[in-house]
Amino acid sequence: MVIKFQDKQYELISKIKTMGSGNIELYAACDATKREGARYTVACVNDMELARKLVPVTTKNNTSCTFKDLYDSFNADGRYYIVFSHADGRSLQQAMDKGNYRLQERLLLMKNIYAQIFLLNMPECFLYEVLRKDNIVVDDDLGIRFNYYFTEVDYYWKVQEKDCMNRMTGLVYELFARELEQKSSRELMKYARDMEEGRFAYLWDCYVAYDNIYETVLTKSEQQEIKPGRIWWRAWEGMKKLFPTVRTVLAVALIASAAIYLLLTLPNPVLSDKGVTFNRIGTLEINGREG
């Protein structure tokens, strides 16, 4: 199927998925006149009310001229079409699932993600959209590209910068999960904590702060100075793992010792030579003579 608008023709190659409660159909496409050229993601919006709401963030006249991933938008055949660049390759999710990136590579990945979002200067709703591991595509040289899949289109008009910062915080914690868990980098630990506690006012502040620690952490990792916490910390972590078992053993020992103490200290008429003499039972007084 070929969609024509003015002097442009987009050939739909395959359907990617349906989004927006069925109101948006996503297709992989190419230029019909140059099939070997760039690939596109074409969003076909069937709901005109939804299209009207999307116009302010999906037209060249309304978005920044630096947002080069947005190629075109137009009405045709009673539908609204939006044409984005399409990135083929491994998603960040797939790359992370393999778990074979060294720290130096993960540091560069995070830096490239920051650099790309500021280079593109996209509307906040699409920034929120692309900061998903499935929408971030990693090149062989660790370059970053994005796919635009309208995953949370119903939330687009509520998105604020703090939502994007929260999503970026999640990426930081996932990319550097190993170092944060092992507490092997004070710089990364402080950076992640500052992000989580909302100490940065803007996403740009997050980028500047990351850029400030990037070289330090990279140098330490190259010099193999990034190691788990000191020996006392590792010992403490090991002891904490043993606490549940130690607590159970102590509880059993306490109960057993209490039982033994009671058996040894309470009088036992059966084992005693003289037995036990009771002079009163309740209100009844017992008078007896020694045998």
Practice problem: Kindly write out the residues that satisfy ring pair (Phe, Tyr, Trp, His ring centres under 6.0 Å) with Tyr173, not counting sequence neighbours, or none if the list is empty. | Solution: none

Quiz item: Hey, mind stepping through Leu175 and Met96 against side chain to side chain contact (heavy atoms under 4.5 Å, CB included) and telling me if it holds?
Solution: CA-CA 8 Å; Leu175 272 175; Met96 290 175 61; 4.3 Å; yes

Exercise. Determine, stepwise, if the pair Phe200 / Val208 fulfils side chain to side chain contact (heavy atoms under 4.5 Å, CB included).
Key: CA-CA 10 Å; Phe200 301 118; Val208 171; over 6 Å; no

Exercise. Can you measure from CD (Glu161) to CH2 (Trp204) and round to the nearest 0.5 angstrom?
Key: 12.0 Å

Quiz item: Under 4.0 Å between a Lys/Arg side-chain N and an Asp/Glu carboxylate O for Lys190 and Asp194?
Solution: yes

Exercise. Take Tyr101 and Val138 through the test side chain to side chain contact (heavy atoms under 4.5 Å, CB included) and record every step on the way to the result.
Key: CA-CA 12 Å; Tyr101 281 133; Val138 183; 3.6 Å; yes

Quiz item: Can any side-chain N or O of Lys60 pair as donor or acceptor with the backbone N or O of Leu70 at less than 3.5 Å?
Solution: yes

Quiz item: What residues form a side chain to side chain donor-acceptor pair (under 3.5 Å) with Gln160, not counting sequence neighbours?
Solution: none

Quiz prompt | Any residue meeting side chain to side chain donor-acceptor pair (under 3.5 Å) with Arg52, in chain and number order, not counting sequence neighbours | solution = Glu49

Self-check item: Over all atoms of both residues, closest heavy-atom pair of Cys44 and Arg79
Solution: SG-CD, 3.3 Å

Exercise. Show your reasoning for whether side chain to side chain contact (heavy atoms under 4.5 Å, CB included) applies to Ile3 and Gln9.
Key: CA-CA 6 Å; Ile3 302 170; Gln9 298 182 47; over 6 Å; no

Quiz item: How long is the gap from CG on Leu103 to CD on Glu179, to the nearest 0.5 Å?
Solution: 4.5 Å

Quiz item: Under 6.0 Å from the NZ atom of Lys68, do we count more than 12 heavy atoms belonging to anything else shown?
Solution: no

Quiz prompt | Donor-acceptor contact present, side-chain Asp211 to main-chain Tyr207, <3.5 Å | solution = no

Self-check item: Validation row: Leu92, Ile113 side chains within 4.5 angstrom (heavy atoms)
Solution: yes

Exercise. Would you mind listing the cluster partners of Tyr128? Hydrophobic ones only (ILVMFWY), side-chain contacts under 4.5 Å, chaining allowed.
Key: Tyr155, Val159

Quiz item: Closest approach of Lys8 and Tyr71, non-hydrogen atoms and distance?
Solution: NZ-O, 4.4 Å

Practice problem: Kindly write out the residues that satisfy ring pair (Phe, Tyr, Trp, His ring centres under 6.0 Å) with Tyr10, not counting sequence neighbours, or none if the list is empty. | Solution: Tyr40

Exercise. Please list, chain by chain and in numerical order, all residues satisfying ring pair (Phe, Tyr, Trp, His ring centres under 6.0 Å) with Tyr149, sequence neighbours excluded.
Key: none

Practice problem: Decide, yes or no, whether a salt bridge links Asp88 with Arg39 under the criterion of side-chain N to carboxylate O below 4.0 Å. | Solution: no

Quiz prompt | Nearest atoms (heavy-atom pairs only) where Trp157 meets Val153 | solution = CZ3-O, 2.8 Å

Quiz item: Does atom NZ of Lys162 have more than 12 heavy-atom neighbours, drawn from other residues, nucleotides or ligands, at distances under 6.0 Å?
Solution: no

Self-check item: Nearest-0.5 Å distance that lies between atom CD1 in Ile117 and atom CD1 in Ile144
Solution: 11.0 Å

Exercise. Using the test side chain to side chain donor-acceptor pair (under 3.5 Å), find all partners of Gln104 that sit at least two apart in sequence or belong to another chain.
Key: Arg102

Contacts table for residues 19-29: side-chain donor-acceptor under 3.5 angstrom, sequence neighbours left out:
unit_1	atom_1	unit_2	atom_2	d
Asn23	ND2	Gly20	O	3.2
Glu25	OE1	Tyr27	OH	2.9

Self-check item: Rounded distance [0.5 Å steps], CG in Leu203 versus CD in Glu124
Solution: 9.0 Å

Quiz prompt | Nearest heavy-atom neighbours spanning Thr33 and Asp31 | solution = OG1-OD1, 2.7 Å

Quiz prompt | For Asn75, all residues meeting side chain to side chain donor-acceptor pair (under 3.5 Å), sequence neighbours excluded | solution = none

Quiz prompt | Test item: Asn147 side-chain N/O and Ala87 main-chain N/O as donor-acceptor pair under 3.5 Å | solution = yes

Quiz item: Are the side chain of Tyr81 and the backbone N or O of Asp72 linked by a donor-acceptor pair below 3.5 Å?
Solution: no

Quiz prompt | Residue pair Leu108 / Tyr214, side-chain heavy-atom distance below 4.5 Å | solution = yes

Practice problem: Report the distance from atom OH of Tyr191 to atom CE of Met110, rounding to the nearest 0.5 Å. | Solution: 6.5 Å

Exercise. Please report the closest heavy-atom contact between Leu188 and Ser185, naming both atoms and the distance.
Key: N-OG, 3.2 Å

Self-check item: salt bridge (Lys or Arg N to Asp or Glu O under 4.0 Å) against Asp139, all qualifying residues, sequence neighbours excluded
Solution: Arg145

Quiz item: What distance separates Glu105 CD from Ser221 OG, expressed to the nearest 0.5 Å?
Solution: 10.5 Å

Quiz item: Taking atom CG of Asp140 as the centre, does the number of heavy atoms from other residues, nucleotides or ligands within less than 6.0 Å exceed 12?
Solution: no

Quiz item: When hydrophobic residues are tied together by side-chain contacts of less than 4.5 Å, even through go-betweens, does Phe118 share a cluster with Phe67?
Solution: yes

Quiz item: Between Met165 and Ala201, which heavy-atom pair has the shortest distance, and what is it?
Solution: SD-O, 3.9 Å

Donor-acceptor contacts under 3.5 Å from residues 130-137 side chains, at least two apart:
unit_1	atom_1	unit_2	atom_2	d
Arg132	NH1	Glu152	OE2	3.3
Lys133	NZ	Glu174	OE1	3.2
Lys133	NZ	Glu174	OE2	3.0
Asn135	ND2	Glu129	O	3.0
Asn135	ND2	Glu129	OE2	2.9

Exercise. Could you check if a side-chain atom of Tyr210 sits within less than 4.5 angstrom of a side-chain atom of Val172, using non-hydrogen atoms only?
Key: no

Quiz prompt | With sequence neighbours excluded, residues passing ring pair (Phe, Tyr, Trp, His ring centres under 6.0 Å) with Tyr156 | solution = Phe126

